[in-house]
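Heads up: the structure comes next, in structure tokens.
Letters A, B, ... are given to chains in the order of the sequence lines, protein chains preceding strands, and every chain is numbered from 1.
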Amino acid sequence: MKHEDYDVVQYKDGRPIKMWTKGVPVEEEAKQQLANTSRLPFIYKHIAVMPDVHLGKGSTIGSVIPTLGAVIPAAVGVDIGCGMMAAKTTLFAHDLPDNLGPLRTAIEKAIPHGMSPKTRSFKGRDKGSWESPPSAVDNAWAELKDGFDEICLKTPRLKNTNNYRHLGTLGSGNHFVEVCLDEANAVWFMLHSGSRGVGNAIGSHFIELAKQDMRTHFINLPDQDLAYLPEGTQHYKDYIEAVGWAQKFARMNREVMMLNLIAAVRTVISKPFETHIEAVNCHHNYVQKEHHFGKDVLVTRKGAVSARAGELGIIPGSMGAKSFIVRGKGNEESFHSCSHGAGRTMSRTAAKKLYTVADQIAATEGVECRKDANVIDEIPMAYKDIDAVMLAQTALVDVVHVLKQVVCVKG
DNA sequence: ATGTCC
């Protein structure tokens, strides 16, 4: 069936799959995952597929999964509440120094980044978490602490995770902090991170519980990672509480980093400036209760952003590509959603095999960022063409600003 | 993505 803005696929015994992927390649394995997910008995109406769709764990990244009466912890994943924050400043390109090196160094000093293993062998190079957290962290943790004590009553092992020490820290992988310029040369700050160690522990714990429950009740699934928790059970209740807390942690994590990022920039640029002229803080990996087609349902956005009418969102490109600040059109067929990025075309291992440091240097020309062997998996060529991805979702969002990074800090 | 005490 053909529509103006999306295609519909329906597999035997499955709910429809509505795909905003016109002009964008979709892997066969991703289609198989979508077929599996669409056959779950508690999918509400249909699955909405964003143009950045690609293979994920259990279900595809770049999809919107509305459910009635159950939740799939592995669909939300382990980086619960992962998302983006961006803030426009009163600075312009000409206010930035010619040499951006010191600016990058100041940001790297102000925001802990990279992994933070707790094992003895890594002692002394624990750069990913706070040694002595600044006041912004204490203030934010004061708002999170009571909720954390509550979820620890049910899941005591969360007490042993990095939680307070990880608030306001970046992490690793595709998490980043950037200084960008928009189409009018205004300076923006932008960052990408989630709920760090504690969110990971919550995700892993409930993914395992769901798998156990499936075995206990002899429920067979095409993929273990589609294991679900039925509404009405204690595990479902506990998960909804814990995942909600992790999402709050992730949002505040980004806010704390933004504050420390601004303070770091002020140490390098003496000219006074204001921030949050426009500001967005959005999850792209989360689950929440929403109202759609007249019903209260759970909506899991696995690599997708909420795009209610007028709502602002962020669609980042890859390391050397443009990013977009978008405004939602409130498209109900997509459960008011849009893509969360360009989407990978190859795995991280494949990218590292195919490309060299020289390729990475060429692809990130003009950006003050790391260009070593450890970031080759983030090379722009390992991602889909962001312009094609944007074109495929014109019915979902309008572009408000186009951003290009000049400084990028990676974990 | 995290952390190597599941």
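- Atom P of nucleotide B:dG3 and atom CD1 of A:Ile202 are separated by 13 Å, given to the nearest angstrom.
- Contact annotation: A:Ser204 does not reach the phosphate of B:dT2 (side-chain N/O to OP1 or OP2, under 4.0 Å).
- As a whole-Å value, the separation of A:Arg157 CZ from B:dG3 P is 12 Å.
- Whole-Å rounding puts the A:Gln212 CD to B:dC6 P distance at 14 Å.
- Atom CG in A:Leu158 sits about 14 Å away from atom C1' in B:dT2, given to the nearest Å.
- Judged by the 6.0 Å distance and 45° axis criteria, A:Lys295 is not positioned over the aromatic ring of A:Tyr44.
- Phosphate proximity of B:dC5 to A:Asn160: absent, as no side-chain N or O sits under 4.0 Å from OP1 or OP2.
- Within the structure, every side-chain polar atom (N or O) of A:His166 is placed at least 4.0 Å from both OP1 and OP2 of B:dT2.
- Within the structure, the salt bridge (charged side-chain N to carboxylate O under 4.0 Å, His left out) test picks out the following pairs touching residues 238-257 of chain A (sequence neighbours left out): A:Lys154-A:Glu241.
- Following rounding to the nearest Å, A:Arg196 (CZ) and B:dG3 (C1') show an atom-to-atom distance of 10 Å.
- Residue contacts shown for A:His175 are limited to sugar-phosphate atoms, with no base heavy atom under 4.0 Å away.
- Between the CG atom of A:Asp79 and the C1' atom of B:dG3 there is a distance of 14 Å, given to the nearest Å.
- Atom P of nucleotide B:dT2 and atom CZ of A:Phe206 are separated by 20 Å, given to the nearest angstrom.
- Between A:Trp141 and A:Phe249, the ring planes lie perpendicular to each other; the angle is over 60°, past the 30° to 60° tilted range.
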Please tabulate, for the side chains in residues 67-82 of chain A, all donor-acceptor contacts under 3.5 angstrom to protein atoms that are two or more places apart in sequence or on a different chain.
{"unit_1": "A:Thr67", "atom_1": "OG1", "unit_2": "A:Ala70", "atom_2": "O", "d": "2.7"}
{"unit_1": "A:Asp79", "atom_1": "OD1", "unit_2": "A:Ser195", "atom_2": "N", "d": "3.4"}
{"unit_1": "A:Asp79", "atom_1": "OD2", "unit_2": "A:His175", "atom_2": "NE2", "d": "2.9"}

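- Between the CG atom of A:Leu170 and the P atom of B:dT2 there is a distance of 8 Å, given to the nearest Å.
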